[in-house]
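These notes are about the structure you will find just below.
Chain identifiers are assigned alphabetically (A, B, ...) following the order of the sequence lines, protein sequences preceding nucleic acid strands; residue numbering begins at 1 within each chain.
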Amino acid sequence: MPELPEVEYVRRQLRRAMTGARIDQVVLRRANLRVPFSTDFAERLEGRTVRNVRRRAKYLLVELSSDDVLVMHLGMSGWFNIQRPPGGSPVDPLDKHDHVIFEMSNGRTVVFNDPRRFGFMKIIDGEDLARDPVFAALGPEPLARAFTAQVLATALAGRKTSLKVALLDQGRVAGLGNIYACEALHVARLSPKRRASTLVTRAGEPRAEAVALTRAIRLVLKDAIANRHRAAGDDRFRVYDHEGERCPRRGCAGTITRIVQAGRSTYFCPKCQR
DNA sequence: CGTACACCCTGGCCGC
DNA sequence: TGCGGCCAGGGTGTAC
């Protein structure tokens, strides 16, 4: 279920488990995820020390002492299970979707599990990261200070597509997915069906609505990161997956509606989101 | 160029 | 209880 907040949560876990430690062994339990592992995958990792674990959009970047970077994406169903066997509880038995295992020199075992296998891992030279077409095409990080209403306005200017679809475009804003795009639009009281360019003046300035949306995006993402510890099954969403329920906004008697945009479900309140 | 759509893969849920 | 159909939070490649 990974969008930016979940990937950020995973990043923090990996940073704690891996930073400063050496990768002693890499076990690949199958030849591919969404794409095949390179033939030198394990070899390029084993013996290297992890300097840091960073995130760009929904990508995890493990920086290695060799100046290589292990780039990982969780896809739709990827997750990491971190264990520390020495002296503690025994290692959990492997699941059939445990595809990659990293044995760390600090005793941690980092296991990548991904039932749908839409995730991927690849290693690239750190020097090439910025030039990589995937990373070069990414839009601004919504949690960075540099993400202002003006930046959002520039991203939306001239776009005839709907606001919701524009927000899902990683080249416009990096890291928003289907859930948090819906959530942010509800907080900002904006209809997902609005033409994206209507949040921008002719001169390319952000309208008040773009300011509200900028704040809303930041709010829902930060809130999701802060509340990631809440038990699974807890309902953390205002509108996502709430079709037919009453709008949670105080004083709004609207009903959450589901529509399909660009092949994906959008949930919103037609009454208060304009 | 922008957009629309199929596709990659497995599992969970719903209705019959 | 079994089974088919549908749905799922991501990204890419192709066709128009």
Side-chain angles (χ1 to χ4, degrees), chain A residues 1-11 29-37 55-61 71-80 94-100 112-122 124 132-139 142 154-186 192-197 200 217 220-221 223-225 227-228 230 232-244 256-268:
Chain A
M1 1 180 210
E3 292 186 31
L4 186 152
E6 290 77 24
V7 177
E8 176 61 21
Y9 174 79
V10 170
R11 180 187 79 83
R29 301 186 69 235
R30 52 176 302 123
N32 67 299
L33 294 172
R34 195 172 75 207
V35 294
F37 292 103
R55 178 187 59 74
R56 174 75 171 107
K58 298 170 198 165
Y59 296 88
L60 290 159
L61 307 172
V71 178
M72 307 191 286
H73 196 288
L74 304 173
M76 295 273 260
S77 58
W79 208 252
F80 283 93
L94 289 174
D95 176 85
K96 68 171 173 171
H97 300 300
D98 286 341
H99 305 308
V100 186
F112 179 68
N113 183 283
D114 184 8
R116 286 175 75 179
R117 301 205 303 273
F118 284 1
F120 73 82
M121 295 186 186
K122 67 172 179 178
I124 64 178
D132 187 295
V134 169
F135 290 95
L138 288 172
T154 302
L156 301 180
R159 299 299 309 277
K160 293 180 184 170
T161 189
S162 70
L163 203 41
K164 159 79 178 328
V165 172
L167 289 181
L168 286 182
D169 182 345
Q170 302 297 297
R172 304 287 148 186
V173 182
L176 274 184
N178 202 37
I179 293 179
Y180 296 106
C182 292
E183 298 292 290
L185 288 169
H186 184 259
K193 296 193 277 192
R194 278 267 294 259
R195 193 186 263 235
S197 61
V200 186
I217 289 169
V220 298
L221 294 179
D223 188 62
I225 292 169
N227 289 303
R228 186 59 192 77
R230 281 170 62 169
D234 265 16
D235 215 343
R236 319 201 306 282
F237 309 127
R238 303 157 200 265
V239 291
Y240 183 82
D241 207 19
H242 284 276
E243 182 180 16
I256 304 306
T257 303
R258 174 182 175 272
I259 60 173
V260 174
Q261 295 179 289
R264 323 199 52 184
S265 292
T266 298
Y267 298 85
F268 74 112

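Between dC6(C) and dA6(B), the distance separating the two P atoms is 13 Å to the nearest Å. Spacing of P atoms, dC7(C) relative to dC5(B), comes out at 15 Å, to the nearest Å.
Remark: P of dT10(B) and CG of Asp98(A) are 15 Å apart, rounded to the nearest angstrom. Atom-to-atom, CG of Leu33(A) to P of dT12(C) comes out at 15 Å; the value is rounded to the nearest Å. As rounded to whole Å, 14 Å separates atom C1' of dC7(B) from atom CZ of Arg117(A). Between the C1' atom of dG2(B) and the CD atom of Gln261(A) lies a distance of 16 Å, rounded to the nearest Å. As a whole-Å value, the separation of Glu6(A) CD from dA8(C) C1' is 14 Å. For the pair Met72(A) CE and dG11(C) C1', the computed distance is 17 Å after rounding to whole Å. Arg172(A) has its CZ atom 12 Å from the P atom of dC1(B), to the nearest Å. Here dA8(C) presents its P atom at 13 Å from CD of Glu3(A), a figure rounded to the nearest Å.
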Lys122(A) and Val35(A): CA distance, side-chain angles, deciding distance, side chain to side chain contact (heavy atoms under 4.5 Å, CB included) verdict: CA-CA 9 Å; Lys122(A) 67 172 179 178; Val35(A) 294; over 6 Å; no
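At dG11(B), one or more side-chain N or O atoms of His97(A) fall inside 4.0 Å of OP1 or OP2 (strictly under the cut-off). OP1 or OP2 of dG11(C) sits under 4.0 Å from a side-chain N or O of His73(A). Neither OP1 nor OP2 of dG11(B) sits under 4.0 Å from any side-chain N or O of Arg116(A). Dashed line: the shortest gap from a side-chain N or O of Tyr180(A) to OP1 or OP2 of dG9(C) is not under 4.0 Å. The shortest distance between the side-chain N/O atoms of Ser265(A) and the OP1/OP2 oxygens of dA8(C) is below 4.0 Å. At dG11(C), one or more side-chain N or O atoms of Lys58(A) fall inside 4.0 Å of OP1 or OP2 (strictly under the cut-off). Proximity of Arg34(A) to the phosphate of dT10(B): no side-chain N or O atom is located under 4.0 Å from OP1 or OP2. Taking only side-chain nitrogens and oxygens, Lys96(A) comes nearer than 4.0 Å to OP1 or OP2 of dG11(B).
Among the atoms of the strands shown, only primed sugar atoms or phosphate atoms (P, OP1, OP2) are found under 4.0 Å from some heavy atom of Gly177(A). In this structure, Val134(A) reaches the sugar-phosphate backbone alone: every heavy-atom distance under 4.0 Å involves primed, P, OP1 or OP2 atoms, never a base.
Atom CZ of Arg258(A) sits about 9.0 Å away from atom OH of Tyr240(A), to the nearest 0.5 Å.
Note on Arg236(A) versus Glu3(A): no salt bridge recorded, every NZ/NE/NH1/NH2 to OD/OE distance being 4.0 Å or above.
Judged by Watson-Crick or G-U wobble contacts below 3.5 Å, the nucleotide dG5(C) has dC13(B) as its partner.
Taking the six-membered ring for Trp, Tyr267(A) and Phe237(A) have ring centres at least 6.0 Å apart.
Aromatic stacking is marked for Phe118(A) over dG10(C), as both cut-offs hold: 5.5 Å for the centres and 30° for the planes.
Put simply, the side chain of Gln170(A) never gets that close to the backbone of Gly139(A): no donor and acceptor are under 3.5 Å apart.
Checking Phe120(A) against Tyr267(A), the closest nucleotide of DNA chain C that is more toward the 5' end is the one next to Tyr267(A).
For the pairing with Asn178(A), the side chain to side chain donor-acceptor pair (under 3.5 Å) check across Gln261(A), Lys164(A), Arg264(A) returns one residue only, Lys164(A).
For Tyr59(A), the side-chain atoms get nearest to dG11(C) when compared with the rest of dG11(C), dG9(C), dC7(C).
In terms of polar N and O atoms assigned as donor or acceptor, the side chain of Arg264(A) never comes within less than 3.5 Å of the base of dA8(C) in a complementary pairing.
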